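The next block holds one structure in the form of structure tokens; read it before the comments.
Values below: every heavy atom of this structure, side chains too, minus hydrogens, waters and symmetry copies. These numbers were taken from a predicted model, which means no experiment stands behind them.
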Amino acid sequence: MKIIEIKENKKHFLPLLLLADEQENMIDRYINRGTMYVLDDHGMKCECIVTDEGNGILEIKNIATEPEYQGKGYGKALIDFVAAKYKGTYSILQVGTGDSPLTVPFYEKCGFARSHSIKNFFIDHYDNPIYEGGIQLIDMIYLQKKL
């Protein structure tokens with residue numbers, strides 16, 4: 001297993017990015033200002049984009065695992081890599097997600113704790129309603145962990 005930084009042709013990974021963020025114009029907001037990593041284990045399994053949000057905060061803007069490899073530890077491995085790589089450079093690693101029973105417990109298992117939320121984020125910023133686990137996503141929930 002190896003993790004590679006992607007510096008060019010980031011849009012090549014758009015199909016996987018769209019698994020985590022369903023609207024391409026939202027991905028366009030961070031894809032070029034972020035650092036992209038791909039986890040390769042005999043083929044690409046997982047990717048993420050992280051951005052510097054200022055004040056010592058590094059944010060995971062997008063993390064997605066190919067559906068057939070979900071639940072096999074690839075997402076956690078990529079988060080652990082990012083946390084180790086940026087420890088000492090940033091003080092907090094954060095992620096924003098919908099209040100979903102599918103994603104929030106995953107981040108909590110990775111050591112994140114709820115921090116704050118942005119009301120109506122998914123209603124205000126997305127063209128169509130987004131559902132995950134049968135629940136409409138409305139508020140953006142931020143989770144953080146210390147690095």
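- We find the NZ-CD distance between Lys61 and Gln94 to be 7.5 Å, quoted to the nearest 0.5 Å.
- For Asp28, the salt bridge (charged side-chain N to carboxylate O under 4.0 Å, His left out) partners at least two apart in sequence or on another chain are Lys11.
- The shortest heavy-atom contact between Ala77 and Ile3 is O-CD1, 4.3 Å.
- Judged purely by atom type and a 3.5 angstrom limit, Gln23 uses its side chain to pair as donor or acceptor with the backbone of Asp127.
- Rounding to the nearest 0.5 Å gives a distance of 10.0 Å between CD1 of Ile49 and CZ of Phe13.
- Counting heavy atoms from C-beta outward, Phe106 and Val95 have side chains that stay 4.5 Å or more apart.
- Within a 6.0 Å radius of OH in Tyr69, no more than 12 heavy atoms belonging to other residues, nucleotides or ligands are found.
- When every heavy atom of Asn62 is checked against every heavy atom of Ala20, the shortest pair comes out as OD1-CB, 3.3 Å.
- For CD of Glu5, the number of neighbouring non-hydrogen atoms (other residues, nucleotides, ligands) closer than 6.0 Å is greater than 12.
- At least one side-chain heavy atom of Tyr30 sits less than 4.5 Å from a side-chain heavy atom of Ile27.
- Residues Lys10 and Leu17 share a closest heavy-atom pair of O-CD1, 4.2 Å.
- Across Ile60 and Phe112, no two heavy atoms sit closer than the pair CD1-CZ, 4.2 Å.
- With sequence neighbours excluded, the residues that form a salt bridge (charged side-chain N to carboxylate O under 4.0 Å, His left out) with Asp139 are Lys119.
- Of all heavy-atom pairs spanning Asp40 and Gly43, the tightest one is OD1-N, 3.3 Å.
- Atom CG of Asn55 has 12 or fewer heavy atoms from other residues, nucleotides or ligands within 6.0 Å.
- More than 12 heavy atoms of other residues, nucleotides or ligands lie within 6.0 Å of NE2 in His125, so this atom counts as buried by the packing criterion.
- Across all their heavy atoms, Thr51 and Arg33 have their closest contact at CB-NH1, 3.6 Å.
- With rounding to the nearest 0.5 Å, the separation of CG in Leu78 from CD1 in Ile63 is 4.5 Å.
- A donor-acceptor pair is defined here as one N or O able to donate and one able to accept, closer than 3.5 Å; no such pair exists between the side chain of Lys145 and the backbone of Ala83.
- With contacts defined as side-chain heavy-atom distances shorter than 4.5 Å, the pair Thr35/Tyr86 qualifies.
- Ring geometry for His116 versus Tyr142: interplanar angle under 30°, hence parallel rather than tilted (30 to 60°).
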